[in-house]
Amino acid sequence: MEANGLGDEPKSLRFQIFQDYLAGLRSKTSFREFRETRAAQDFFSTCRSPEACCELTLQPLRRFPLDAAIIFSDILVVPQALGMEVTMVPGKGPSFPEPLREEQDLERLRDPAAAASELAYVFQAITLTRQQLAGRVPLIGFAGAPWTLMTYMVEGGSSSTMAQAKRWLYQRPQASHRLLGILTEVLVPYLIGQVAAGAQALQLFESHAGHLGSELFSKFALPYIRDVAKRVKAGLQKAGLAPVPMIIFAKDGHFALEELAQAGYEVVGLDWTVAPKKARERVGKTVTLQGNLDPCALYASEEEIGRLVQQMLDDFGPQRYIANLGHGLYPDMDPERVGAFVDAVHKHSRLLRQN
């Protein structure tokens, strides 16, 4: 399904599986080639190896006829660049041995200007991967949004409530804005650097938007989402770099669809809880939508996957749309079902365009 209006070079962006997003490739998966590549070193050591990241980015393209690649990395390389220790605990996920607990803990963070330079290995991975792709499909860079990064840094890992991070918002609003500002100061040059290295589109993940109500989101998340887009675009222009499409994905942020559509991004990603037709009515016709099949639909039969994909594409319609899952792959998913999803997207895309 072509994403019309995304610009000339990456207009073939039709389908993506974010192969390293959160639950999928952070833990053991059913993808044998991924496990074999990852076996030699821990997760973040892999992230710091441009050659390993390139290989892990290319692996899904060898197995599936995907229309785009997203660089293998992790959103938590940014807190690491700020000087925080982060480890990946098997069966648990990311862990911060010394999370931010008090306002004075912000003094432990590295200067944002220095932090951005710590991420050169990501730029090297992007350049290497872009060279290996040789124009076959567009390459997407990404980062976590400030609020989502803040949750990990304060909570010390994953959380079902984000109570500690939200405590900061209520009890330490000024410190919260200071932290969110620090993260923004790192993210802007980080994303510009990804484009300079070869990324042809950028995605910002606000993975924990759903933990905020409308008021908190408007105060502590949305302003920074807007600021990142505005400053990245201005920075690209100042550096003489061509503009690239920017995608915002705010999981469970259905309450802010209109605001996200006007936040400076060409594409708004949707999770599976949002009805495509209603989303289109709310955001208008000028913004591209991306999504939004329930990842758990890949547990269904191939026939059922085909039916669900056809319904999804029909609901979104043929204009300004990128077909995708509504979140990442889960560890126990059958690669054959992933293949069925990809094939169904391409099959029904062709039928829609013919009609």
Which pair of heavy atoms, one from [X] and one from [Y], lies closest together, and at what distance?
{"X": "N292", "Y": "M312", "value": "N-SD, 3.3 Å"}
{"X": "W168", "Y": "R101", "value": "NE1-O, 3.6 Å"}
{"X": "W147", "Y": "A221", "value": "CB-CB, 4.2 Å"}
{"X": "R130", "Y": "G198", "value": "NH1-O, 2.8 Å"}
{"X": "I305", "Y": "A297", "value": "CG1-O, 3.5 Å"}
{"X": "E51", "Y": "L128", "value": "CA-CD2, 3.9 Å"}

Is it true that a side-chain atom of [X] and a backbone atom of [Y] form a donor plus acceptor pair closer than 3.5 Å?
{"X": "R282", "Y": "A261", "answer": "no"}
{"X": "K166", "Y": "H211", "answer": "yes"}
{"X": "T184", "Y": "Y224", "answer": "no"}
{"X": "Y299", "Y": "D334", "answer": "no"}
{"X": "R320", "Y": "K285", "answer": "yes"}
{"X": "D343", "Y": "A340", "answer": "no"}
{"X": "K233", "Y": "G264", "answer": "yes"}
{"X": "T151", "Y": "M162", "answer": "no"}
{"X": "W272", "Y": "P295", "answer": "no"}
{"X": "E155", "Y": "A163", "answer": "yes"}

Between [Y] and [X], is there a salt bridge with N-O shorter than 4.0 Å?
{"X": "R307", "Y": "E304", "answer": "yes"}
{"X": "E55", "Y": "R62", "answer": "yes"}
{"X": "R231", "Y": "D227", "answer": "yes"}
{"X": "E185", "Y": "R178", "answer": "no"}
{"X": "R48", "Y": "E118", "answer": "no"}

- Testing L191, L204, V244 for side-chain contact (heavy atoms from CB on, under 4.5 Å) with V232, which one passes?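 With V232 as partner, side-chain contact (heavy atoms from CB on, under 4.5 Å) holds for just one option, L191.
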- Task: Applying side-chain contact (heavy atoms from CB on, under 4.5 Å) between I192 and each of L236, L187, L202, report the one that passes.
- Result: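 Among the candidates, only L236 passes.
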- Look at the rings of Y330 and H327 and say which category their plane angle falls in: under 30° parallel, 30 to 60° tilted, over 60° perpendicular.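 Ring orientation of Y330 relative to H327: tilted.
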- Task: Anything under 30° is parallel, anything over 60° is perpendicular, the rest tilted; go ahead and classify Y152 against F96.
- Result: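 Parallel.
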- Can D314 and H348 be said to form a side chain to side chain donor-acceptor pair (under 3.5 Å), step by step? CA-CA 9 Å; D314 287 343; H348 294 297; over 6 Å; no
Is any side-chain heavy atom of [X] closer than 4.5 Å to a side-chain heavy atom of [Y]?
{"X": "Q80", "Y": "D74", "result": "no"}
{"X": "V309", "Y": "K347", "result": "no"}
{"X": "F316", "Y": "R280", "result": "no"}

